[in-house]
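See structure below.
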Amino acid sequence: QVQLTESGGGLVQAGESLRLSCSISGPGRILSSWVMGWFRQAPGKEREFVAIRRWKGTSPKYADSVKGRFTISVDTKTLEMNSLNPEDTAVYYCAAGPSYSTDSSDYRYWGPGTQVTVSS
């Protein structure tokens, strides 16, 4: 079993930045072929894909809404978020799974989430 825990969320103003981190623990293993993903869920909305990257190789993939502003790193297990706007307000989750997929149902392990709130 693998446990994921997000950190780094908080309240910021529009235009500011945040860095989310995802720590990994537990006796299970995440293979180098697996994928790290970041997803988010805003109140009243479904969970949506933000960014994914395979632990080894493969370029990252970003949702159109965050492209050019967010950067996913598997080396540091972080999601760098710049130029935040109120539409980015959500609970952010890190996830790990074997498939290079933007579908949250393909991910096996999930963190509990961290709240990001962007005020205008």
Side-chain angles (χ1 to χ4, degrees):
Q1 188 72 0
V2 173
Q3 285 83 44
L4 307 181
T5 306
E6 306 88 348
S7 62
L11 172 63
V12 296
Q13 293 187 333
E16 294 184 340
S17 300
L18 276 176
R19 175 183 290 182
L20 304 183
S21 297
C22 180
S23 65
I24 301 174
S25 62
R29 291 183 60 193
I30 293 180
L31 302 179
S32 60
S33 60
W34 275 37
V35 176
M36 177 180 180
W38 286 93
F39 294 79
R40 67 186 181 186
Q41 187 166 17
K45 295 187 177 181
E46 293 188 353
R47 190 170 297 188
E48 65 174 3
F49 147 73
V50 174
I52 60 172
R53 187 165 197 164
R54 201 177 290 279
W55 248 270
K56 291 288 187 181
T58 309
S59 298
K61 181 181 289 187
Y62 297 96
D64 289 343
S65 59
V66 307
K67 201 172 295 182
R69 301 187 297 122
F70 289 15
T71 303
I72 183 174
S73 170
V74 294
D75 292 334
T76 56
K77 297 185 286 292
T78 57
L79 180 70
E80 190 79 36
M81 306 187 297
N82 298 313
S83 301
L84 286 162
N85 59 63
E87 290 71 38
D88 295 316
T89 295
V91 177
Y92 283 71
Y93 301 89
C94 67
S99 302
Y100 190 72
S101 169
T102 61
D103 187 339
S104 60
S105 65
D106 290 328
Y107 287 77
R108 187 172 303 178
Y109 300 116
W110 290 85
T114 186
Q115 176 71 46
V116 172
T117 303
V118 185
S119 64
S120 58

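Throughout, numbering of the chain's residues begins at 1 and tracks the sequence.
- Formation of a donor-acceptor pair under 3.5 Å by the R19 side chain with backbone atoms of E80 is not found in this model.
- Nearest heavy atoms, Y100 versus S59: OH-O, 2.6 Å.
- Checking D103 against S105 by side-chain atom types alone, a donor-acceptor pair falls below 3.5 Å.
- Rounding to the nearest 0.5 Å places NZ of K56 at 11.0 Å from OG of S33.
- Proximity of R69 to Y62: side-chain heavy atoms (C-beta onward) are nowhere separated by under 4.5 Å.
- With values rounded to the nearest 0.5 angstrom, R53 atom CZ is found 7.5 Å from D75 atom CG.
- Taken together through direct or relayed side-chain contacts under 4.5 Å among Ile, Leu, Val, Met, Phe, Trp and Tyr, I72 and V35 form parts of separate hydrophobic clusters.
- Using cut-offs of 30° and 60° for the angle between ring planes, the F39 and F49 rings count as perpendicular.
- There is no path of hydrophobic side-chain contacts, each under 4.5 Å, that joins I52 to L31.
- A donor and an acceptor atom, one from each side chain of D106 and S99, are nowhere located under 3.5 Å apart.
- At a threshold of 4.5 Å between side-chain heavy atoms, the hydrophobic network of Ile, Leu, Val, Met, Phe, Trp and Tyr places V116 and Y93 in two separate groups.
- Within the 3.5 Å criterion, the main-chain N or O of G113 finds a donor-acceptor partner in the side chain of E6.
- Across every non-hydrogen atom of V118 and T89, the tightest pair is N-OG1, 2.9 Å.
- The shortest non-hydrogen separation linking P98 to R108 is CG-NH2, 4.1 Å.
- Looking at heavy atoms from C-beta onward, V66 lies in side-chain contact with R40 at the 4.5 angstrom threshold.
- Between F70 and D88 there is a side-chain heavy-atom pair separated by less than 4.5 Å.
- Shown here for P86 and S119, the closest heavy-atom pair between the two residues is CG-C, 4.4 Å.
- Of all heavy-atom pairs between L18 and L84, the closest is N-CD1, 3.9 Å.
- The hydrophobic clustering, which links ILVMFWY residues whose side-chain heavy atoms are closer than 4.5 Å, places V91 and V12 apart.
- Looking only at side-chain heavy atoms (C-beta outward), M81 and W38 stay at 4.5 Å or farther from each other.
- To the nearest 0.5 Å, the span separating OG1 on T78 from CG on L20 amounts to 8.5 Å.
- A donor atom on one side chain and an acceptor atom on the other are found under 3.5 Å apart for Q115 and T117.
- Two residues are said to be in side-chain contact when any heavy atoms from C-beta on lie closer than 4.5 Å; M36 and C22 meet this criterion.
- For the pair A96 and Y107, the tightest heavy-atom approach, listed with the atom from each and the gap, is C-CD2, 3.6 Å.
- Taken to the nearest 0.5 Å, the SG atom of C94 stands 7.0 Å off from the CD1 atom of I24.
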